[in-house]
Each structure stands twice: as C-alpha cells, then as structure tokens.
Protein chains: 2
Amino acid sequence: MATMQDVARLARVSVSTVSYALTGARPISQATREKVLAAMAELDYQPNALARGLASRRSRILGLLLPLDERGLGATESAFVTGAAATASAAGYHLVLSPVDAGDLDGLRRLASQRMLDGVVLMEVQVDDPRVGVLREARVPVVLIGRTGDTADLSYVDIDFDRTVRDAVAHLVDLGHRRIVHVNHSAAALAGGYGPALRSRDAFAAAMTGYGVTPVMIPAEESAAGGRHALTTAFGRAPDLTAVLAMNESAVFGILGELTAHGRTVPDDVSVVSMVTSPQVAELATPALTTMTSPGTAVGRIAIEALLRHVRDDGTALHQELLPCTLEVRGSSGPVRRQAVGAPRTEHPS
Amino acid sequence: MATMQDVARLARVSVSTVSYALTGARPISQATREKVLAAMAELDYQPNALARGLASRRSRILGLLLPLDERGLGATESAFVTGAAATASAAGYHLVLSPVDAGDLDGLRRLASQRMLDGVVLMEVQVDDPRVGVLREARVPVVLIGRTGDTADLSYVDIDFDRTVRDAVAHLVDLGHRRIVHVNHSAAALAGGYGPALRSRDAFAAAMTGYGVTPVMIPAEESAAGGRHALTTAFGRAPDLTAVLAMNESAVFGILGELTAHGRTVPDDVSVVSMVTSPQVAELATPALTTMTSPGTAVGRIAIEALLRHVRDDGTALHQELLPCTLEVRGSSGPVRRQAVGAPRTEHPS
DNA sequence: GCGCTTCGTCGAAGCGTTTCGACAGACGGC
DNA sequence: GCCGTCTGTCGAAACGCTTCGACGAAGCGC
C-alpha cells in the first residue's frame, strides 16, 4: 500500500505538496500537479482515510442513529435509510448505521465522543427526546428526521402530517364522505410521544372540526390484528362510517380484512386511505390502496444534504423542511353511496 | 476533549501505561489500573477512534456492501441489514452502509484501499460476481450473504434454497397436491445469475422430478402485475394446477388477486406457499400466507460474527452456512380437493 | 547470595495525513 | 532599480493513539 511519502519521492516533491495537490488547500502549479497525479496513478495510491481523519479532524463519516427494535424497518423507514446512504456516498462520505436504543444515553454519549462521526442524522425522534440534548452537548452536528416538540434551534426534515391529513380528508370529503374514522398508531406510541401519531391525530381533529363533524379517532396496535380490533371498535362508535384513514401501515391490512368480515366492500361501502405509505405496499392489497404516498428516499437525501452543509460550513442556517405525502388514488377509495347513511348491519363478529 | 496525555498526567503514569490499562495488551497492576480508570472517569475520557485506528491499523469499522437500486430494500434484505448492524454494534464495531452499484468496480477498489474497513459483508451476490475478486485483491476480509458459483474458498451465509424448496414441496405433496407451479423471480434476474432464482428453480425441478411429476416453472416480474401475468401463463400451461409456490414476495399478492379473478378460492381450490417471506408480510394477505419464513436477522448476525472472526484471528477457517426457511402454515395452504382434477373453468380473462 | 526469569512500567518511535510558518523567486508599480 | 506582493513549494510540527525494546524490582531455585 503506497503512502504519500512514496508518491512524493516518485514525483520528486515534498509530502506537503502532494497533500496540496490532492486536496487543493493551496495553489499548485499545473506542472507539479501533473507530476503528482502521474505518480499517484503509477503507484495506485489511495489516501489512508484514518490518517486523513486524524490530521484534519474530519472523519468524513456520518452516523444514522435509529432504534433497532426486533420488528425491524418498515418500508418507509427503509427508504429513508437508503436515501441517506446513497446521498452520503455520492458526496464522498460514509454512512454508519448505529442502532441506539432510545434509552441508552450513555452509549450515545460514548459514540458521540469518539470523534468518529462528523455529524449524525437522528431518526425516530420522540416529541421530547433526550438524545438531542446529549448530541448537542457533544457538539455533534445533528439533523432530525422527525421533530421534537420544541423545534426552535434544530434542523429537521419531517413529513408534513398536517397537510397530508388535510389533503387526505379533503379527498374523502370531495367524494361525499363525512363519517370518517382515523385509525392511528398504538396507544403506547401516543403515550410515548411518537410525533407522527400525535401530529396526525391533532391534524385530523382540526380538519374534521373544520367540516363541522365530530372526529372519530382510534388507536391500533401495529399489526393486522390491531387493525381488525380497531375496526370493531370503530363500528361500535360510528356504525355509519363510510371511510377510514389509516396511519398505520401494518394495521391497514387488518382493517381491509375486517371490513370484508363485516360485509362491507371496498370501496363501494367503505373507502380506505392509507397514510404515509409506499406504492409497493399499496399494490399488495386488493383492491390496491389509495395512499398518501410517503416521500421515500427524498427524506433521507434532504437530511444528509442539510447535515453536510452543517458539517462543512458550520455557520449555516437551520434547515427545517416539511414534505407532504402526495395523494395517489387507487382502488380503495370512491364516492360515498347515495343511501349510505344507516348501517347495513350492526352485529359484532369475532 | 480529554486525551490520553491528560489521563496519564492526572494518574501520574506514562501514556503507554494508560494505553495498556485500556486495551489490556500488557499486564497492569491492580493499583495502577484503578488510578488510571479513576482519572479517565474524572476527565470523562473517550479514546479517539481515528487515532486508535491509525496506530493499530484496525478501524473497528465493517462495511455492508449492497447495490442500492431505486426500489430499495425488501423486508427480507432489510432484516439482514438490521441484524448485521445490531451484531456489529454489540461487538463494539461500526457498520457502514455502502451502496456499491454492481458494476462500479473502481469505486469498490477505492473503498477497499482506503484502509477504512476492517472487513466487509457483501450482499446480493451474483453467481459470478466480479466484486469478490476486487475485494480479495485488496486483501479485505469478506463474508458473503448469498453465494457465488464457486464457493471453494469464501465464507458465506445463505438461505438453504434446496432444503427450503424441498420442505415446501413436501408440505404441499403431503396435502395431496401434485400440480404445483413454481413462480420464480424475473427472467432478467435469472439471466443475471441471481442465486436465489437459479437455485430454487433447480431445487424445484429436482424435487418434482423426484415425485415423478413434470415441473412447471414460470418467471415473474417483481410486482403484483408480474404475479398476475405469471398466473395467467400458469393457467395456460397447467389448467389443473392446485398449488403455487411463490419465490417472489412482490408477485405473490398479484397471484392471490388473479386467483380470485379466475374464480379460484385460496386455499380451497388452490394452495399458495410464499417462499423466503417474513411473518409481517405474510399477515398482510387475506388469508394469511403459509410461508417458508426467512431466517431474517439471523443471516446478518451470522455473517457479522463470521466476519469478526476473520478480522480478529485472520487464520480462522472458512464459515459456510446455509440456513433453511421454516414452514409456517397459515391460511393459504390446505388439502387438495377430492374432485380437483379437471379444471373448473378454462377462460382466460384480462 | 548468584544469576534467571517474570512483572509492571516507561520512553520513544511510529501510523499517514494535514496544516502552519517560512521562504525563494517572479512580477509589477513607481 | 528597489520594495512589497503574490505564487508555489518545503520542512516540521502536530493529530492521539499503539507498540516495541528496555529496564528496575521482585521472586525463584539451588
């Protein structure tokens, strides 16, 4: 493995000149640069990343911090990750994937103090997230995917739940729906301060109230069974419901199944809109789901771009951006039926 | 940020003693060790990972190399990644996620020569994969997830397609099925030497031949539409089919839809077994899919464990392991119907 | 009590870069 | 023709750690 020494020797220049030729930190004459480049090519020289990082105090490594519970990544989160990885790589940075259990602040502190990460993207942010404080204390540049409650002096990229919910509701209202049920993430997620659950709940309540309708909102466990159960509850609270807004990618399939079990067809009797969902998942259902399609890799990309700006200039302004999900109408939503009001049946099966 | 110097000064020992106390590379008396540890605690000392890596020639960073096409990670691959990340992290290593386009050998060479990665796990391996050669040339320890054609001197972890297919076929045969159709990955994947597609095809052919039945095998694009199309073809080639073995997670939902469109119910008329599938995905379908459940995070974990052994001892033997998928019977498979033979209908819709 | 190991510690030499101050020479203004 | 400015290059000092050889102090057998 050739070193800079070797290159310098071969090119008959000093080591520092090689360095300048490589980084452009100081002007180098055309002739010298060419000699150096030739020597590099001949020796098949590659700079040692660690040495470079030590001397320059920049590792060119970014961290992607996310809690890694056993249920793994959903399609949406996985798109964030791949978007981030691709962007970092294209910019000549490495992206390390660091599982940090939300509670393990000491581990995080250790990670941050190793000086290995030039900056981090923090995923799965809670509304009140202690990890942010730890990172700030360690003076590591941070960009959030998601938002804390107090967004005053942090950069973040997040989904615009407010707008997404409004657009989804508007779609359903345009189709004539009024009795719309919001099936949220789990009660535990709500209690734990999970942003998407909280924000979409509030946005939904506001939107429905705006239309003069009392909002019906039900939490659901993150599983098909959770969705089924939530729907049973929904029929209890709003037997005349004609539409469901599902926040919860896992639950939505249970919802579809339970609708069928209740003798309702989709979209003729009940419309379903799945929020923050990827097209791939939407196509899995029959009929294919009308979704608010999540911005996917763009979220990860924008987060890394913002982080790079912080890492490089340091003085840059905050980047705060909300990306809306876009409505994609597929087979699961349609106009409300004329005679709809008055529930066809009121039994409570299994 | 405290350095080792600071610790040494405070503990009134030399820098090297601090290093030995930290790494255990040489024996240190109990008394001295305690002094050093106390000093570290007081200064809130964290070793600088880069300096450590430069001096010891071990970065404690592993790479996870995978092509990152726009369609992102499936549930199964995503489990590999999270399993790997969790294991690396638990072992005190960092895991960088490096998107390497399958063709970009130069980029890979550069990555490998930076001396930043102690070893790499290579995912999405082709049967004839040039990346392996590049890595070997750069003397970077490698573990594959998947296998090349010539497995002689490489460590790998892979799914045991042979056994998985045999078990799945046995399950269906036990239920009385004989006309079983194998819906594979896309023709492009087959042509490109994608291991899972190739191996499962061969295993299926062997298994069916073993039962004295001519195998029916059809490739399908990785989408619901691909599944639908494949099924139409299937009905053409085997109108009396009673079971489908689906390799292709995306296509399987299309298959289910198309079965319904053909007037067949699952599992009464046709049984469906989804290969190498996660339970989460299985639950999305109605009825829930009988699957050969993929080993999920275990694959990533084992790959990292093997890689760490290579990185540390260097001399260790190869690790070659095949993990079978385990049969989980859910609602999509059942006994063949008595009068089954002789197709109910033979129309070719849409 | 003698030399021999063994144990615990130290000092110094790297590891392969970046970066800082210095400086020689070319250049232009007046 | 002299001085001040740039340009392009060099040498050396970091960066914060690991590791090697050396060495005094014990501990041992005989």
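Sequence lines set the chain letters: A, B, ... in the order given, protein chains first and strands last, and positions in each chain run from 1. Because the structure is predicted, anything quoted here is derived from the model rather than measured.
- Distance check: L64(B) CG to L117(B) CG gives 10.5 Å after rounding to the nearest 0.5 Å.
- Of the candidates dC10(C), dT17(C), dT19(C), dT19(C) carries the atom nearest the S16(A) side chain, counting heavy atoms from C-beta on.
- Remark: side-chain polar atoms of T3(A) are paired, donor with acceptor, to backbone N or O of Q5(A) under 3.5 angstrom.
- When the shell of 6.0 Å around CD of E321(B) is examined, it contains more than 12 heavy atoms from other residues, nucleotides or ligands.
- Put simply, CE on M40(A) is 15 Å from P on dG16(C), counting in whole angstrom units.
- The backbone N or O of G83(B) lies less than 3.5 Å from no partner atom in the side chain of T297(B), so there is not a single donor-acceptor pair.
- Distances were taken from every side-chain heavy atom of T17(B) (C-beta onward) to each of dT18(C), dG16(D), dC10(C); the shortest belongs to dC10(C).
- Rounded to whole angstrom, the span from the CE atom of M4(B) across to the P atom of dC15(C) amounts to 19 Å.
- For R57(A), no side-chain nitrogen or oxygen approaches OP1 or OP2 of dC15(D) to under 4.0 Å.
- Separating the CG atom of L50(A) from the P atom of dT17(C) is a distance of 11 Å, rounded to the nearest angstrom.
- Residue M1(A) contributes atom CE, which lies 15 Å from atom P of dC15(C) at whole-angstrom precision.
- Rounded to whole Å, atom P of dG16(C) lies 7 Å from atom CG of N48(A).
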Protein-nucleotides 21-23 of chain C N/O pairs under 3.5 Å:
residue : atom : partner : partner atom : Å
dG21(C) : N7   : R26(A)  : NH2          : 3.3
dG21(C) : O6   : R26(A)  : NH1          : 2.4
dG21(C) : O6   : R26(A)  : NH2          : 3.2
dA22(C) : N6   : R26(A)  : NH1          : 3.2

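- Closest heavy-atom contact between A138(A) and R115(A): O-NH2, 3.2 Å.
- Residue S14(B) is the one, among A55(B) and S14(B), whose nearest nucleotide of DNA chain C lies closer to the 5' end (criterion: closest heavy atom).
- For E77(A) against G74(A), the heavy-atom pair with the smallest separation is OE1-N, 2.7 Å.
- The CD-P distance, from Q5(B) to dA13(D), rounds to 16 Å in whole Å.
- Not a single donor-acceptor pair, N or O on each side, falls under 3.5 Å between the base of dG8(C) and the side chain of S29(B).
- Toward the 5′ end of DNA chain C lies the nearest nucleotide of P27(B), the other residue of the pair P27(B) and L54(B) mapping further downstream.
- Counting to the nearest Å, the P atom of dC15(D) and the CD atom of Q46(B) are 19 Å from each other.
- Using a 4.0 Å cut-off, some side-chain N or O of S19(A) falls inside it from OP1 or OP2 of dT18(C).
- For residues 44-61 of chain A, every residue pair satisfying the side-chain hydrogen bond (donor to acceptor under 3.5 Å, both in side chains) rule, not counting sequence neighbours, is listed here: S59(A)-D118(A).
- The listed nucleotides are dG16(D), dT18(D), dC10(C); the one nearest the side chain of V15(B) is dT18(D).
- Between I28(A) atom CD1 and dC6(D) atom P the separation is 19 Å, expressed in whole Å.
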